[in-house]
Engineer: 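Questions regarding the structure given below will be posed in turn.
Bear in mind that the values here come from a model prediction, so they are computed numbers and not experimental data. By convention here, the first residue in the shown sequence is residue 1. Counting convention: from 1, in listed order, for ligands and their atoms alike.
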Amino acid sequence: MVRPAKISDAEAIRGLVNYYAEQERMLHRSLESIYGSLRDFHVCYRDDRLLGCAAMAISWGELGEIRSLAVDPNMQKKGIGRKLVEHAIAEGKALGLKRIFTLTYEPEFFARFGFEIVDKETLPTKVWRDCLHCPKADACDEIAMILEIE
Ligand SMILES: CC(C)(COP(=O)(O)OP(=O)(O)OC[C@H]1O[C@@H](n2cnc3c(N)ncnc32)[C@H](O)[C@@H]1OP(=O)(O)O)[C@@H](O)C(=O)NCCC(=O)NCCS
């Protein structure tokens, strides 16, 4: 079941995201930053177990960002990532966004939803505020992708 995140989900979200961050497959999120953006998150749960999470953040103007998409390593390839991305896109549409971007190491996954690779330089400067805290700030190797919403 996919539902909006609750306060009680914050620690589990941090655990899942940082599990992949330790493998350098995602960026670390502090508990503080998760609480601060908790309303952006949707989670997928079964019983009491967090299976996946994703955030749809408003970035600037009509641009949004899918962030912190992660699925439990034992529950991958079961359609959970798809559900979370489709939910995030629908939410972006409902908000009136015209474009959604993501920074990712999984371009083939996002390409399935119509995201296309773009030059990072084409994203507005405002997008880079979080990069100030990233250890890879000066050598970012994530791939920028954009989905144009019709
Ligand atoms: C990337 C990730 C979110 C995918 O989640 P998932 O639940 O395994 O994906 P789904 O089962 O919903 O897959 C949907 C489709 O994409 C395909 N797919 C899954 N992972 C893929 C990948 N890494 N590359 C290309 N295609 C992929 C699936 O085969 C499936 O195809 P189908 O619809 O033809 O059957 C998950 O592997 C993950 O958490 N990875 C680690 C964290 C990460 O890299 N997050 C990405 C943001 S940086």
Engineer: Say you draw a straight line from OG of Ser8 to CD1 of Ile13; how long is it, rounded to the nearest 0.5 Å?
Structural biologist: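 Interatomic distance, Ser8 OG to Ile13 CD1, rounded to 0.5 Å: 9.0 Å.
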
Engineer: Measuring from Ile66:CD1 to Asp40:CG, what's the distance to the nearest 0.5 Å?
Structural biologist: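 Rounded to the nearest 0.5 Å, the CD1-CG separation comes to 11.5 Å.
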
Engineer: Within the 4.5 Å heavy-atom criterion, are Tyr20 and Glu24 side-chain neighbours or not?
Structural biologist: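 The answer is no, as the side chains (C-beta and beyond) never meet within the 4.5 Å cut-off.
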
Engineer: Knowing that exactly one of Glu32, Met56, Arg29 qualifies, which makes a side-chain contact (heavy atoms from CB on, under 4.5 Å) with Ser37?
Structural biologist: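 For Ser37, the side-chain contact (heavy atoms from CB on, under 4.5 Å) test succeeds with only one of Glu32, Met56, Arg29, which is Arg29.
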
Engineer: May I ask you to decide if the ring planes of Phe115 and Phe110 are parallel, tilted or perpendicular, using 30° and 60° as cut-offs?
Structural biologist: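 Rings of Phe115 and Phe110: perpendicular, over 60°.
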
Engineer: Could you pull out the N/O contacts under 3.5 angstrom between ligand 1 and the surrounding protein atoms?
Structural biologist:
| unit_1 | atom_1 | unit_2 | atom_2 | d |
| --- | --- | --- | --- | --- |
| ligand 1 | 7 (O) | Gly81 | N | 2.8 |
| ligand 1 | 8 (O) | Lys77 | N | 2.7 |
| ligand 1 | 11 (O) | Lys77 | N | 3.4 |
| ligand 1 | 11 (O) | Lys78 | N | 3.1 |
| ligand 1 | 11 (O) | Gly79 | N | 2.8 |
| ligand 1 | 12 (O) | Gly81 | N | 3.3 |
| ligand 1 | 12 (O) | Arg82 | N | 2.7 |
| ligand 1 | 16 (O) | Arg112 | NE | 3.3 |
| ligand 1 | 23 (N) | Glu106 | OE1 | 2.8 |
| ligand 1 | 26 (N) | Arg112 | NE | 3.3 |
| ligand 1 | 31 (O) | Arg112 | NH1 | 2.9 |
| ligand 1 | 33 (O) | Arg82 | NH2 | 2.8 |
| ligand 1 | 34 (O) | Arg112 | NH1 | 2.9 |
| ligand 1 | 37 (O) | Gln76 | OE1 | 3.3 |
| ligand 1 | 37 (O) | Gln76 | NE2 | 3.4 |
| ligand 1 | 39 (O) | Val71 | N | 2.8 |
| ligand 1 | 45 (N) | Leu69 | O | 2.8 |

Engineer: Checking Phe109 now: which residues fulfil side-chain contact (heavy atoms from CB on, under 4.5 Å) with it, not counting sequence neighbours?
Structural biologist: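 Residues passing side-chain contact (heavy atoms from CB on, under 4.5 Å) with Phe109: Leu69, Val85, Glu106, Phe113.
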
